[in-house]
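On a predicted model such as this, the values are computed, not experimentally measured, just so you know.
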Amino acid sequence: GIAHVPAIDRENELILAEAIRAALPQYMELPILHVQHTERPVGTVTKAVVDGDGRLHLYGKIKETPDTDDVWEDIKGGRLNKFSIFGKRLAGSPECSLSPGQRINPCITKSLQLFSISVVGDNAMNPATFLEVTHVVAVPHAAQRIYCLEPHADSRGFLEVRARGSRCLGIAGGSHG
């Protein structure tokens, strides 16, 4: 999916693509995927790439264990459909010292430490992000329920996921190459 798009978000902040690109190597040392910005790890990021338009493409997987059944149900139900990043701003414009509600001009984050990437719902600060399930892996354990999710564009052009009938183990975004 797309975990970051360099656009002004709901808190009137723009995180520059170069800030994300520079923060990725440190994040990828321990690339845990969380759910809803909690301390709950649900998967890993296996590859993260910033494209020419500054979008952060994530490739990874969500665990296939009983403790993530609720996460898969929320993905299947469309309640978890986006990504959100969390970190510490290291350098930014003067507006960044103001709370989001006080900003007349956007806060421009020029450098950051990227601590966490989470699977979230419509509460994502950057609404242009999306989670896309693209891999299906067979699970040989007969007792497990099976679901598969397909991405579909909604009326706003955002991707949503819909159940198809077998369970997917991996998440990924963009095209593999």
Side-chain angles (χ1 to χ4, degrees), residues 1-5 9-11 13 15 19-21 23-51 55-89 109 112-154 158-176:
I2 302 292
H4 176 72
V5 175
D9 67 17
R10 292 181 181 165
E11 290 192 339
E13 178 179 8
I15 301 173
I20 296 289
R21 189 177 287 112
L24 277 178
Q26 184 175 336
Y27 170 77
M28 291 302 290
E29 290 292 321
L30 188 62
I32 304 299
L33 191 61
H34 293 89
V35 66
Q36 295 285 11
H37 288 298
T38 65
E39 293 181 6
R40 182 179 173 197
V42 296
T44 57
V45 175
T46 57
K47 182 178 178 183
V49 178
V50 178
D51 70 15
R55 297 174 300 183
L56 174 58
H57 294 259
L58 287 189
Y59 304 86
K61 66 179 186 174
I62 293 176
K63 297 188 304 179
E64 180 63 26
T65 55
D67 65 314
T68 58
D69 284 348
D70 62 320
V71 173
W72 280 108
E73 289 295 323
D74 285 346
I75 291 171
K76 180 180 126 187
R79 292 175 295 280
L80 293 176
N81 57 5
K82 298 184 185 325
F83 288 104
S84 184
I85 64 172
F86 173 74
K88 178 181 178 183
R89 183 181 305 110
T109 297
L112 75 135
Q113 287 179 320
L114 182 58
F115 296 147
S116 171
I117 298 177
S118 286
V119 177
V120 299
D122 290 332
N123 58 321
M125 288 297 119
N126 190 328
T129 70
F130 63 87
L131 180 150
E132 180 180 11
V133 178
T134 60
H135 289 283
V136 178
V137 178
V139 179
H141 192 276
Q144 292 185 334
R145 293 175 308 232
I146 304 294
Y147 302 105
C148 182
L149 305 174
E150 293 181 324
H152 294 276
D154 69 10
F158 292 111
L159 288 181
E160 59 183 17
V161 289
R162 295 183 184 159
R164 189 176 72 195
S166 63
R167 189 169 203 164
C168 299
L169 299 181
I171 61 167
S175 58
H176 295 278

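The side chain to side chain contact (heavy atoms under 4.5 Å, CB included) with I75 is formed by just one residue from the set V35, I62, N81; it is I62.
Between K82 and T129 the shortest heavy-atom distance is CB-OG1, 3.3 Å. Annotation for R10 and A124: closest pair NH1-O, 3.2 Å, computed over non-hydrogen atoms. Closest approach of T109 and A19 over heavy atoms only: O-CB, 4.0 Å.
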Is there a side-chain contact (heavy atoms from CB on, under 4.5 Å) between I15 and E13 once you walk through the steps? CA-CA 6 Å; I15 301 173; E13 178 179 8; 3.7 Å; yes
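Side-chain contact of S84 with H37: a donor-acceptor pair under 3.5 Å is present, judged by distance alone. A donor-acceptor contact under 3.5 angstrom links the side chains of Q36 and N123, judged on distance only.
Every salt bridge (Lys or Arg N to Asp or Glu O under 4.0 Å) that R79 has, sequence neighbours left out, goes to D74. With sequence neighbours left out, Q113 forms a side-chain contact (heavy atoms from CB on, under 4.5 Å) with Q26, K88, L90, F115. Scored by the side-chain contact (heavy atoms from CB on, under 4.5 Å) test, A3 finds L56, L58, F83, I117 as partners (sequence neighbours excluded).
Separating the NZ atom in K61 from the OG1 atom in T44 is a distance of 5.5 Å, to the nearest 0.5 Å. To the nearest 0.5 Å, atoms CZ (F86) and CG (L112) are separated by 11.0 Å. Considering OG of S118 and CD1 of I32, their distance stands at 11.5 Å, rounded to 0.5 Å.
Ion pairing between a basic and an acidic side chain is recognised when a charged N comes within 4.0 Å of a carboxylate O; R40 and D70 show such pairing.
Between P31 and M28 the shortest side-chain heavy-atom distance falls below 4.5 Å. Put simply, the side chain of I20 reaches to within 4.5 Å of the side chain of I85, judged on heavy atoms. Residues V119 and H34 fail the side-chain proximity criterion, which asks for heavy atoms closer than 4.5 Å.
Geometric assessment of K47 against the ring of Y59 yields a positive cation-pi assignment under the 6.0 Å and 45° thresholds.
Remark: the backbone N or O of K63 is paired with a side-chain donor or acceptor of T68 at under 3.5 angstrom. In this structure, the side chain of N126 engages the main chain of V5 through a donor-acceptor pair within 3.5 Å.
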